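Since this is a predicted model, take the numbers as computed values, not measurements. Quick note on labels: first sequence line is chain A, next is B, and so on, each numbered from 1.
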Amino acid sequence: MNMSRFAPGEIEPKWQSAWEKAGTFTATRDETRPKYYVLEMFPYPSGNLHMGHVRNYTMGDVVARYKASQGFSVLHPMGWDAFGLPAENAAMERKVHPGDWTYANIDNMKAQFRSLGLSLDWSREFATCDPEYYGQQQAMFIDFMEKGLVYRKNAVVNWDPVDMTVLANEQVEDGKGWRSGAPVERRELTQWFFKISDFSEELLDALDGLDNWPDKVKLMQRNWIGKSRGLQFAFSTVDAPDGFDRIEVYTTRPDTLMGASFVGISPDHPLAKALERDSAEIAAFNAECRKMGTSEEEMEKAEKKGVDTGLTVRHPFDTGWELPVYIANFILMDYGTGAIFGCPAHDQRDLDFARKYDLPVTDTFVALENGAPVENTAFTPPKTEKVRWLRSFAWDETATGEEAIAAAIRFCEENGVGHGVTKFRLRDWGLSRQRYWGCPIPVIHCDDCGVVPEKKENLPVELPKDVSFDKPGNPLDRHPTWRDCACPACGKPAQRETDTMDTFVDSSWYYARFTSPGAATPTNAADAEYWMNVDQYIGGVEHAILHLLYSRFFARAMQICGHLPQKAVEPFDALFTQGMVTHEIYVTRDERDRPVYHLPEHIEWTESGARLGATGEAVEVIPSAKMSKSKKNVVDPVNIVQAYGADTARWFVLSDSPPERDVEWTAAGAEAAFKHLSRVWRIATDIAGAEGPGTGDDDLLRAMHKAIHDVTMGIESFGFNTSVAKLYAFTNTLQKSKAGADARREAMRTLAQLMSPMTPHLAEEIWALLGGEGLVAAAPWPQADPAMLVEDTVIMPIQINGKRRAEISVPKDMSKEEVEKLALAHDAVIRALNGGAPKKLIVVPGRIINVVI
RNA sequence: GCGGGCGUGAUGGAAUGGUAGACAUAUCAGACUUAAAAUCUGAAGGGGUUCGCCCCGUGUGGGUUCGAGUCCCACCGCCCGCACCA
């Protein structure tokens, strides 16, 4: 047997079964130990692990293993976000049942997960499409109904008039249905909503307490919730249809009321709808607006257009002043009152609109100095900046926007023109989906009793298995018998709701279910009390708003219904958002110059550049982008694990790039990671055979303690790439060390331990080779001895006018005065001073000296 | 369009406001080898040099500071989110 060969294919399965046999990663409620709950956002079971998963779950694994070695009782579970559109697409394309497809994918991915050697407690695994899981979700839905957190109202959806089905935003391409190609229409349906808006203020305020969340995520959530203070008032109309003698508007800039030049209403505004009955032009405009998709992005990007209704309104301060009323495509019915007044001088969108329709532009304020009237750029200084007012109606000639807004609201309230109100941008959460592969909404429609929740003992309301996907639309709607049921209230024949829930509902409480995955209620109080909150949550920044905000809402709603303790209303104590894994893209062109993408493994590198291995055709290399199947810039982790082992894949995704940033996968990098691990193994086998004393034991042990300190700091601060760099450096030191066998053994064992969260299989192998006790996965984390970390002398750079010119080596605790004296005596300083005296001398003890001349 | 983020050698990146480029990749040189691979040792931001050193350099342009990759302002480029993708 060749002892020096690093053979991940042999050692990895061996240690994986050793951990399993020992139950190393089974989470147990142990009241005598502190707990630590590590959670990575669970995956959608697409069928194949990709490198992004490897990175995400490796990071969580480093934390989980590290915390376990620190004596925490660790919960590190895994499950599947298993409902959603792709399964229905597969059903349509391949005639497989979404459930069969999903569970087959889960089996596949689970096997791939296992090969990575993650410290997961698989006994807690569940999929959100398991009836046991979604049945508990239905029970909670009913609880939420009882607490008034659920209601129905009309909302618009993307409607495909050919397929007669509702489309998701991603299924709309250029305003057309992705399958039918038909122009999409906006259509109103009665839908179910969660009252997340009841919690707007609370969700906003509580962000301040999330100290271990990235500021950027908190800022994004703050802006999303969008608290604003403004004035709500009504314009009285002139010659408007019956019932529309007033138009309510909301504005955050009432101070610009004297610069108003038009009133704009949403195409979905009741007045707009009333007017289209008598005007072909308005009807056509509204119809065109309704052809746009429902996404806010699409509306905002569209050219700003409007149509003059012919109506006018009177200015509240001057009844002789009439403003035209436009229907405009950029006004959202969902925000404020669906109507605004436009002040072109101080809003770019309004200005563009005014120029287009030749409406007046009236400055209400100008800059304090050089205040020029607005031409083609609206004047929108920060609200905290003092400006000169031309048309103040209740405040000084110079005042800030903030001061003016407050004064304007006060003035309007005193004069009976509206009142100050606080509004939020956050809308209620529409959870209805007209689809099969989701959690059925557990309510029943009865002719006599109306909408009635299903009885809890009848849960779960299971999806029928016998459905067909040969036609578009919701199979639940056309199922011959599934809808039929008895009314839970009166017992008469009634019909089930056929809407299912948004998959965000599934992922809004899975973290709580992991604390007691088999419980007969959504959670178990003792388990939730012990394990909550999630101490470290890890996932992509793409979830910064929706998933995380919905989860925060759900935790509150669950607490109200008794499913979570009060302490868990903020379920994630710490959040880390990791970057993506990217790769170069390889393209050739077909005969019609369309791009043809190629997998990295089909590319060969020659001196003249990249070529297609099979044909030798030259390949264009496009800089890195997120790995995606359509661009074929993917590297299959299965291949990497087969070729190099899981430890290499893990080591690579942790190296080089900081975790929060994207990492580029390169073949050379993977090769290098493998080489390094091989080297570590070789050094370990050398050391295992070493005997006798040597020189420099103390230096090696000092380097070891430095490594313990640095690597630990790296893990604690999510700087895994710097931990890896320190491990490289320590490996170099150890390899060159001439220290005695005992010291080198100790250093090597410590190196294995420090690597164990990242490359656990190799670490176990080395640990066993060098006589470590038990599993390294169960060994306590090494402690750095502070006495071994202090240096006796420090090197201090000398700067002259801020530029480094020399350095001196001084004892660590030398006084400032003595350092100054030494610095001034230095050749370079004497030369620079040229006989003169320094203007200033700055000494930062232990750091730097700066001589200002 | 709106909100958020990022930008450092050939490449990935390091750097509590204090020596810019740690560590690694690719490259080059040397050792070992019949040879190659593997391994080991070493060099290396760009430019200049009288070989003492000097100048320039962290997307661009300004600013604060004894000192800025780091803080502030503006701009450019790329990435993420925008409520039915997950």
Side-chain angles (χ1 to χ4, degrees), chain A residues 41 43-44 46 81 83-86 155 157-158 166-172 191 196 214-217 219-224 226 293-302 304 330 334 348-349 425-435 502-504 506-507 540-547 549-550 577 579-580 582 623 625-626 655-658 660-664 666 668-669 671-673 675-676 678-679 682 719 721-722 724-729 732 735-736 795-799 801-807 827-828 831 838-842 844 846-852:
Chain A
M41 291 179 185
Y44 179 79
S46 61
D81 190 11
F83 275 134
L85 274 181
V157 294
N158 299 308
V166 178
L167 300 178
N169 283 336
E170 74 157 10
Q171 297 174 315
V172 179
Q191 313 225 61
I196 189 172
D215 287 336
K216 63 177 173 187
V217 173
L219 190 54
M220 280 190 262
Q221 291 214 353
R222 258 182 215 116
N223 290 336
W224 186 262
T294 55
S295 83
E296 191 170 317
E297 180 187 7
E298 200 181 332
M299 303 190 46
E300 290 279 337
K301 273 185 185 161
K304 309 296 178 285
F330 58 86
D334 289 319
Q348 190 60 43
R349 202 166 51 178
R425 202 184 77 100
L426 179 65
R427 308 201 293 257
D428 277 330
W429 173 7
L431 68 122
S432 285
R433 297 292 179 271
Q434 294 71 38
R435 287 187 239 292
D502 178 7
T503 56
F504 273 124
D506 313 334
S507 55
V541 71
E542 64 271 22
H543 296 291
I545 295 173
L546 292 179
H547 163 62
L549 194 60
Y550 289 157
T577 57
M580 300 178 299
T582 64
K626 180 179 182 169
S655 319
D656 292 350
S657 276
E660 67 275 16
R661 253 200 264 175
D662 295 349
V663 65
E664 180 176 9
T666 61
E671 180 74 31
K675 278 186 191 173
H676 176 71
S678 303
R679 180 164 74 113
R682 207 164 44 241
N721 57 322
T722 57
V724 167
K726 302 294 183 187
L727 287 167
Y728 268 108
N732 293 342
Q735 183 171 31
K736 286 177 185 137
I795 293 171
M796 289 183 74
I798 301 177
Q799 294 183 333
N801 288 339
K803 284 183 202 256
R804 193 192 80 86
R805 282 296 121 95
E807 61 185 33
D827 282 353
R831 222 179 315 126
K839 265 195 205 148
K840 203 167 181 181
L841 188 58
I842 289 139
V844 183
R847 292 235 71 122
I848 206 162
I849 302 153
N850 191 8
V851 186
V852 184

What nucleotide among [options] has an atom nearest to a side-chain atom of [X]?
X: A:Lys840; options: B:C66, B:G4, B:G1; result: B:C66
X: A:Tyr44; options: B:C23, B:U19, B:A86; result: B:A86
X: A:Glu296; options: B:A86, B:G4, B:C82; result: B:C82
X: A:Val541; options: B:C80, B:G4, B:A83; result: B:C80
X: A:Lys216; options: B:G5, B:C66, B:U19; result: B:G5
X: A:Tyr550; options: B:A83, B:G5, B:G1; result: B:A83
X: A:Val844; options: B:G3, B:G18, B:U25; result: B:G18

Residues in ring pair (Phe, Tyr, Trp, His ring centres under 6.0 Å) contact with A:Tyr44, at least two apart in sequence or another chain: none
Residue list, ring pair (Phe, Tyr, Trp, His ring centres under 6.0 Å) with A:His543, at least two apart or on another chain: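 Scan of A:His543 (ring pair (Phe, Tyr, Trp, His ring centres under 6.0 Å), adjacent residues dropped) gives A:His547.
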State which residues pass side chain to side chain donor-acceptor pair (under 3.5 Å) with [X]; sequence neighbours excluded, sorted by chain then number.
X: A:Asp502; result: A:Trp429, A:Arg433
X: A:Asp81; result: none
X: A:Asn169; result: A:Asn158, A:Thr294

How does protein reach along [range], written 5' to 3' as B (base within reach of a heavy atom under 4.0 Å), S (only sugar-phosphate), or - (no contact)?
range: nucleotides 67-74 of chain B; result: S-------
range: nucleotides 9-15 of chain B; result: ---BSSS
range: nucleotides 36-45 of chain B; result: --SSSSS---

Stem regions touching RNA chain B, defined by at least 3 consecutive Watson-Crick or wobble G-U pairs below 3.5 angstrom: B:1-7 with B:76-82, B:10-12 with B:23-25, B:27-31 with B:39-43, B:45-48 with B:53-56, B:59-63 with B:71-75
Listed pairs, N/O of protein and of nucleotides 46-55 of chain B, under 3.5 Å:
from, atom 1, to, atom 2, distance (Å)
B:C55, OP2, A:Arg805, NH2, 3.0

All side-chain contact (heavy atoms from CB on, under 4.5 Å) counterparts of A:Pro214, not counting sequence neighbours: A:Lys216, A:Val217, A:Leu575, A:Thr577
By side-chain contact (heavy atoms from CB on, under 4.5 Å) - contacts of A:Ala155 (at least two apart):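 Once residues adjacent in sequence are excluded, the partners of A:Ala155 under the side-chain contact (heavy atoms from CB on, under 4.5 Å) criterion are A:Gln191, A:Phe193.
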First encountered from the 5' end of RNA chain B, between A:Trp429 and A:Asn732: A:Asn732
Interatomic distance at P, B:C32 relative to B:U70, whole Å: 49 Å
Donor-acceptor pair present, A:Arg847 side chain and B:U19 base, under 3.5 Å: no
